[in-house]
Amino acid sequence: MLAGKRILVTGGAGFLGSHICERLLAQKNEVLCIDNFFSSTRRNVEHLLGNPGFELSRHDVTLPLHVDVEEIYNFACPASPVHYQFDPVQTTKTSVIGAMNMLGLAKRVKAKILQASTSEIYGNPTVHPQPESYWGNVNPIGVRSCYDEGKRCAETLFFDYRRQHDVAIKVVRIFNTYGPRMHPYDGRVVSNFIVQALKGEDLTIYGDGSQTRSFCYVDDLVEVIIRMMATGHEVTGPVNIGNPAEFTVRELADLVLEITGSKSNVVSHKLPSDDPRHRQPDISVARQLLDWQPKTQLREGLVKTIAYFEDLLSQGDICRPHRQGVF
Ligand code: NAD
Ligand code: UDP
């Protein structure tokens, strides 16, 4: 008999979603994981399929969903620039129509709903580090806009559903997060560098590598997301969540090479347009409100992530995500 709640995780087969599902099941909840497998495969949740509390269903959040749940974690959306720029119209639909569908569901069944928002809300920030009070510097018509503006509009919808319908919303702005179950061909910097280093291929630095990111290990992030969902009705966010330790992309490449012992070369590629120069979360709100701060240093998190990729690559052919074969 499961004593916990009935919980929906959208994008539950993705990198972060799969860790959320796992954590919720460990707490004896019933988890309905929905995903359209646009940027993930079943592999991430295969180990959960035998759990009586777990159900996996193929569904696209741009379509309405009728289920009876008490909490919704809305994580469906490709997160890697390579994925979200592949079909930008679908990316905006996923963020905006997906949010409307899930908020409509939350309203109907009186569920709490948590939105996986993003540091991209801040665009190429002119304030550093970024506090929640900063409104951002986003290009509305660039190649990243489908994601940035889609996520911004989703936040608007969350706050309007709160004001108009008193839905219990929680908005977290996630900064770059990495760890096991990122897809090896996902295109994000941590997975790219690790896979390239392990295969002895050139590490591809975009631009001169002086741009910065602040990388959070997945276990730290899952912890704060669960804490945020557990807060009372008065807590809505937005709350920045991430690790404030800031690194240049070049420093990340050097660290990956050092830990893997790889002899790969580092090569320079063109910097993609609108690539943010700097990114670092101000996590004062998360510290105070949720009594949380990340524990995992980049080196420690990379060691675990590299071990995961080593194991994965040793299993031979990696199934590419549903749509990625055509890139
Ligand atoms: P991911 O690509 O691994 O996971 C996203 C999942 O959503 C995938 O399983 C994908 O197949 C699914 N999906 C995409 N479109 C869908 C649709 N229309 N209907 C149903 N499922 C759909 O990425 P992730 O890193 O796990 O990101 C999860 C969420 O967290 C995203 O909303 C992302 O914007 C947010 N986020 C992640 C990071 C990060 O660093 N990982 C940073 C900021 C925000
Ligand atoms: N990047 C890179 N090489 C890669 C992939 C990414 O230098 O192979 C850079 C990218 O240009 C950006 C940073 O690494 O400056 C982080 O990119 P990612 O796609 O992981 O996430 P973003 O924060 O840009 O959404």
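We count ligands from 1, going down the list as the structure has it; atoms in each ligand are counted the same way. In this text the structure is predicted, and so the values were computed from the model without any measurement.
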Between the side chain of Asn137 and the main-chain N/O of Gly123, is any donor-acceptor distance below 3.5 Å? no
Assess Gln90 for proximity to ligand 1: is some non-hydrogen atom of it under 4.0 Å away? yes
Could you tell me if any non-hydrogen atom of His59 lies under 4.0 Å from any atom of ligand 1? yes
When you measure from the side chain of Asn243 to the backbone of Ala245, do you find a donor-acceptor pair of N or O atoms at a distance under 3.5 Å? yes
Test salt bridge (charged side-chain N to carboxylate O under 4.0 Å, His left out) applied to Glu120 and Lys151, Arg279, Arg173, Arg213, the passing residue: Arg279
Using a 4.0 Å cut-off to any heavy atom of Arg188, which atoms of ligand 1 qualify? 3 (O), 23 (O), 24 (P), 25 (O), 39 (C), 40 (O), 41 (N)
Expected output: side-chain Asp60 to main-chain Asn36 donor-acceptor under 3.5 Å: no
Please state whether Ser117 comes within less than 4.0 angstrom of ligand 1, counting heavy atoms only. yes
for atom 40 (O) of ligand 1, nearest protein heavy atom and its distance come out as Thr177 N, 2.8 Å
Quick check against the 3.5 Å criterion: does Gln280 have a side-chain atom that pairs as donor or acceptor with the backbone of Pro244? yes
Per-ligand residue contacts, ligand 2, heavy-atom threshold under 4.0 Å: Pro81, Glu120, Arg144, Asn176, Gly187, Arg188, Val189, Asn192, Phe193, Thr204, Ile205, Tyr206, Gln211, Arg213, Val249, Pro272, Asp275, Arg279
Going by the order shown, which atoms of ligand 1 are within less than 4.0 Å of some heavy atom of Phe37? 11 (O)
Using the rule given for side-chain hydrogen bond (donor to acceptor under 3.5 Å, both in side chains), can you reason through Arg277 versus Ser210, listing the C-alpha separation, both sets of side-chain angles and the distance that settles it, and then say yes or no? CA-CA 8 Å; Arg277 281 294 305 149; Ser210 64; 3.0 Å; yes
Can you list the other members of the hydrophobic cluster that holds Leu32, where links are side-chain heavy atoms under 4.5 angstrom apart? Leu8, Ile34, Val61, Leu65, Val67, Val69, Ile72, Val96, Met100, Met102, Leu103, Leu105, Val109, Ile113, Leu157, Phe158, Phe159, Tyr161, Val167, Ile169, Val171
Atom 26 (O) of ligand 1: nearest protein contact (heavy atom, Å): Leu16 N, 2.8 Å
How does Phe75 reach ligand 1, if at all, at less than 4.0 Å between non-hydrogen atoms: by side chain, backbone, both, or neither? both
Ligand 1 contact by Arg181, heavy-atom criterion under 4.0 angstrom: no
Identify the closest protein heavy atom to atom 36 (N) of ligand 1: which residue and atom is it, and at what distance? Tyr147 OH, 3.9 Å
Any atoms of ligand 1 less than 4.0 Å from a non-hydrogen atom of Ser40? List them with their elements. 8 (C), 9 (O), 11 (O)
Can you confirm whether more than 12 heavy atoms, excluding those of Ile141, are under 6.0 Å from its CD1 atom? no
Gln130 and His128: CA distance, side-chain angles, deciding distance, side-chain hydrogen bond (donor to acceptor under 3.5 Å, both in side chains) verdict: CA-CA 5 Å; Gln130 296 80 55; His128 195 75; 3.2 Å; yes
Identify the protein heavy atom lying closest to atom 4 (O) of ligand 1, giving its residue, its atom name and the separation to 0.1 Å. Gly14 CA, 3.5 Å
Chi angles and distances behind the side-chain hydrogen bond (donor to acceptor under 3.5 Å, both in side chains) call for Glu155, Ser117: CA-CA 7 Å; Glu155 284 202 9; Ser117 192; 2.6 Å; yes
Nearest-neighbour protein heavy atom for atom 11 (O) of ligand 1, which is reported as residue plus atom name and distance: Asp35 OD1, 2.6 Å
Can you tell me how the ring of Tyr185 sits relative to the ring of His183, calling it parallel under 30°, perpendicular over 60° and tilted otherwise? tilted
Do Gln27 and Ile226 have side chains that approach each other closer than 4.5 Å (heavy atoms only, starting at C-beta)? yes
What is the closest protein heavy atom to atom 17 (C) of ligand 1, and at what distance does it sit? Asn36 ND2, 3.3 Å
The complete set of ring pair (Phe, Tyr, Trp, His ring centres under 6.0 Å) pairs with one or both residues in residues 194-225, sequence neighbours excluded, reads Tyr178-Tyr217
Any N/O of Gly17 closer than 3.5 Å to an N/O of ligand 1? no
Do Ser264 and Leu257 make a side-chain contact, defined as non-hydrogen atoms from C-beta onward lying under 4.5 Å apart? yes
shortest atom 43 (C) of ligand 1-to-protein heavy-atom contact is with Ile174 O, 3.1 Å
Based purely on interatomic distance, does Thr94 place a nitrogen or oxygen under 3.5 Å from a nitrogen or oxygen of ligand 1? yes
Thr10 side-chain N/O to Phe75 backbone N/O, donor-acceptor pair under 3.5 Å: yes
Do Trp135 and Val127 share a hydrophobic cluster, counting only Ile, Leu, Val, Met, Phe, Trp and Tyr and linking them when any side-chain heavy atoms are less than 4.5 Å apart? no
What is the nearest protein non-hydrogen atom to atom 18 (N) of ligand 1, stated with its residue, atom name and distance? Asp60 OD1, 2.9 Å
Give a yes/no verdict on whether any heavy atom in Asn176 is under 4.0 Å from an atom of ligand 1. yes
Show which atoms of ligand 1 fall inside a sub-4.0 Å distance from at least one heavy-atom site of Ala13. 9 (O)
I need the contact type for Tyr178 against ligand 1. Using non-hydrogen atoms and a strict under-4.0 Å cut-off, is it side chain, backbone, both or neither? neither
Quick one: does Ser40's side chain have a donor or acceptor within less than 3.5 Å of a partner on Phe37's backbone? no
Within a distance under 4.0 Å of any heavy atom of Ala76, pick out the atoms of ligand 1 and give their elements. 7 (O), 20 (C), 21 (N), 22 (C)
Which of the numbered atoms in ligand 1 are under 4.0 angstrom from any heavy atom belonging to Val61? 17 (C), 18 (N), 19 (N), 20 (C)
What pairs with Tyr84 under ring-ring contact (aromatic ring centres under 6.0 Å, His included), at least two apart in sequence or on another chain? Tyr147
Are any of the N/O atoms on Ser39, whether in the backbone or the side chain, positioned under 3.5 angstrom from an N/O atom of ligand 1? yes
Does Phe38, backbone or side chain, put an N or O under 3.5 Å from an N or O of ligand 1? yes
Only one of Thr236, Asn74, Thr231 clears side-chain hydrogen bond (donor to acceptor under 3.5 Å, both in side chains) with Lys170; which? Thr231
Heavy-atom contact under 4.0 Å between Lys151 and ligand 1? yes
If the contact criterion is a heavy-atom separation under 4.0 Å, does Gly98 count as touching ligand 1? no
